[in-house]
There are 2 protein chains.
Amino acid sequence: MSDSPAAPLPDARTRILDAAEAIIRARGVAGLTLEAAAREAGVSKGGLLYHFASKEALLAGLLNRMAGHVEEAFRQVLEAQPEGRGRTTRAILAWTFDHPEAVCQQHERAAAVFLAAFHHDPALLDPVREVIGRIRARQREDGLPTGVAQAVMAACDGLFMASLFGMYALEEAERRAIRTALERLLEPSP
Amino acid sequence: MSDSPAAPLPDARTRILDAAEAIIRARGVAGLTLEAAAREAGVSKGGLLYHFASKEALLAGLLNRMAGHVEEAFRQVLEAQPEGRGRTTRAILAWTFDHPEAVCQQHERAAAVFLAAFHHDPALLDPVREVIGRIRARQREDGLPTGVAQAVMAACDGLFMASLFGMYALEEAERRAIRTALERLLEPSP
DNA sequence: TTTGACAAACCGTCCGGCCGGTATAGCTAA
DNA sequence: TTAGCTATACCGGCCGGACGGTTTGTCAAA
C-alpha cells in the first residue's frame, strides 16, 4: 500500500480510513464518531469533513477500500489453486480453512466494517455485493454440479458468521472434519 | 401468543416489545429509539421506561423473547422429523428449506432483533448462544460422522446470513439443488 | 389511602454537519 | 524577481437536533 518503506505517515485520507477502522474494531460500531475518527487520525474534524463530506461518505470509503482488498486477497488465493474442475470453490475452501494470519485479521476488519456499514445503511454494502456476485459467477463456470458450489460457499459463509458473532467456537479437529465433509461434496457424485 | 381471541390490545409490555421489533424491521437498527418505540406501542416514554428501565433492558427483553420463540419453533420442526440417524440435522435442513411462511417471517424478525442487539452489546446475544449450543449438543448425538452435521448447519447459517444481508438472491431451483447437495452429505459415506 | 401503571415535561449530553478562517504551494503576469 | 491570485488541505468552534434517562404528576383499582 505504501510506496515508500520509510514513510511514517500515509496521506491524511488513508490515515482517516485506518483510524475509522481501528475505532470500529476497538469500540464497536457505536464508537465511531467523526470526532473520534479525526482525533485518532491526527486531523481535525474539519479536516476529516474535507475528505469525507459526511459520515455516510466515510463509511462508503471504508466499504470500497475493504471490497477492493477482499477481492484482491481472494484473487491471490484463487491463483494458488491448481486449475481445473472446482477451482473457484476449492479457493473458497482454502480461503476459509487455511488462510494465513494476515488474511484472518483482514477478515475481522472486513467484518467489523461490514456490520458498521449495514447498520448505517444497507445500501452501502453494494460494493461487497458486487464482489460476491463476481465470485458466484465464477463458481457457475466451475464445472461442479448445480448446488454443490453454492452449498460449499454457504457453509463457508456460515462458519464466518458464527465466528463473527461469537456463536460458537470450533476446535481444530472439528474444523478439519467440516472441511473434509465439504470436500466430499466436490468429488463426482456416485 | 394472545390467550383471548378477541383481545384487541395485548398488555403494554407485549405491545412495547412488538413495537420495538416492528421499528427495527421497518427503519433499521438505528431507527429504534425509546420515544419511537413508545409512540408505536401507544404508550408514553415514561410508560415504556416503567416496563424496561433502559434501552439495554428493552433489547434484552426482545432477545429473550426471540430466543424462546426460536427454540420453540425448532422444537416443533424437530418433532415433525422421523426419528433415527441425523434427525436433528434433518430438522435443520427442513427448518431452512421448507419452512412455512410464518417461520420465515419469524426468521426475519429474529434477524433484525439479533443485529440490533449485537450492535448495542454483543453480550446481549447470550440467550441465542445458549439455544444454538443446545442444538449443537443434540447434533453431536445425531449419529452422523464428525463434521457432517456441523457442515450442514454452517451451510444453513450461511444461507440465512446471505438473505439477511441481501448478499444474493437464490432462485428456487438453486435452493433445491443446494438442499440436494447437503442431503448427500447425510448419506453414509462410501 | 396506598400502590401499580402509566403520562408529560424536562434535562444534559453528544453527535453530525456547517462555517469562517488560514497556511502552503503553484501559477501567472508585470 | 516578485507581487498577486487561486486552489488545496486543513483547523477549530459552533449549532441544531435528537436521544437516553429522570422527575413529577395522575388516576383508577384495591
Side-chain angles (χ1 to χ4, degrees), chain A residues 2 4 7-24 26-63 113 115-124, chain B residues 2-4 7-24 26-63 112-113 115-124:
Chain A
S2 63
S4 156
L9 282 183
D11 61 352
R13 200 189 143 89
T14 304
R15 258 158 45 221
I16 292 170
L17 252 19
D18 290 342
E21 237 183 64
I23 289 173
I24 288 176
R27 294 199 283 285
V29 187
L32 177 65
T33 69
L34 297 185
E35 277 163 359
R39 212 170 36 239
E40 184 99 1
V43 295
S44 71
K45 199 170 161 182
L48 188 151
L49 267 304
Y50 174 78
H51 290 284
F52 301 97
S54 69
K55 188 171 189 174
E56 187 156 325
L58 173 61
L59 286 170
L62 231 35
L63 253 288
V113 170
L115 285 175
F118 185 80
H119 167 245
H120 189 84
D121 179 9
L124 286 171
Chain B
S2 61
D3 37 351
S4 156
L9 282 182
D11 61 352
R13 200 189 141 90
T14 304
R15 257 158 46 221
I16 291 170
L17 252 18
D18 290 342
E21 242 183 59
I23 288 172
I24 289 175
R27 294 199 282 284
V29 187
L32 177 65
T33 70
L34 297 185
E35 279 162 359
R39 211 169 37 237
E40 185 98 3
V43 295
S44 70
K45 196 171 161 182
L48 188 152
L49 267 305
Y50 175 78
H51 290 283
F52 301 97
S54 69
K55 188 171 189 176
E56 186 156 327
L58 174 60
L59 286 170
L62 231 36
L63 252 288
V113 170
L115 286 176
F118 186 80
H119 168 245
H120 189 84
D121 179 7
L124 287 171

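Residue numbers begin at 1 in each chain, while the letters A, B, ... track the order of the sequences.
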Checklist entry - Hey, does the side chain of B:His51 come within less than 4.0 Å of C:dC6's phosphate (OP1/OP2), counting only N and O? => result yes

Checklist entry - Over how many whole Å does the gap from B:Glu35 atom CD to C:dA7 atom P extend? => result 14 Å

Next on the checklist: Nearest whole Å is fine: how far is C:dA5 P from B:Arg15 CZ?
Outcome noted: 13 Å

Checklist entry - How many angstroms lie between CG in A:Leu32 and CD1 in A:Ile23, if you round to the nearest 0.5 Å? => result 6.0 Å

Checklist entry - Under 4.5 Å between any side-chain heavy atoms of A:Leu115 and B:His119, yes or no? => result no

Next on the checklist: Using every non-hydrogen atom in the two residues, find where A:Ile16 and A:Ala41 come nearest and quote the distance to one decimal.
Outcome noted: CA-CB, 3.7 Å

Checklist outcome for this item: When rounded to whole Å, the CG to C1' distance for the pair A:Leu49 and D:dA9 reads 13 Å

Checklist entry - So, is A:Tyr50 near the phosphate of D:dC10, with a side-chain N or O under 4.0 Å from OP1 or OP2? => result no

Checklist outcome for this item: Side-chain contact check for A:Val43: nearest option of C:dG16, D:dC11, D:dC19 is D:dC11

Item to check | side-chain N/O A:Lys45 vs D:dG12 OP1/OP2, d < 4.0 Å | outcome: no

Checklist entry - In whole Å, what is the span from the CZ atom of B:Arg39 to the P atom of C:dA7? => result 14 Å

Item to check | Length of the line joining B:Leu48:CG and C:dA7:P, which is rounded to integer Å | outcome: 10 Å

Checklist entry - CZ of B:Arg13 versus C1' of C:dG4: gap in Å, rounded? => result 15 Å

Checklist outcome for this item: note: B:Phe52, atom CZ; C:dC6, atom C1'; distance rounded to Å ~ 14 Å

Next on the checklist: Using a heavy-atom cut-off of 4.0 Å across all strands, would you classify B:Leu34 as base, sugar-phosphate, or nothing?
Outcome noted: sugar-phosphate

Checklist entry - Between D:dA18 atom C1' and A:Lys55 atom NZ, what is the distance in whole Å? => result 13 Å

Next on the checklist: For a quick check of understanding: with a heavy-atom distance under 4.0 Å over all strands, which category does B:Leu32 fall into, base, sugar-phosphate or nothing?
Outcome noted: sugar-phosphate

Checklist entry - Which distance, rounded to the nearest 0.5 Å, do you find between the CG of B:Leu59 and the CD1 of B:Ile24? => result 6.0 Å

Next on the checklist: By the 4.0 Å heavy-atom rule, please label A:Ala12 as base, sugar-phosphate, or nothing.
Outcome noted: sugar-phosphate

Item to check | Distance in Å, B:Leu34 CG paired with B:Leu48 CG, rounded so as to fall on 0.5 Å steps | outcome: 6.0 Å

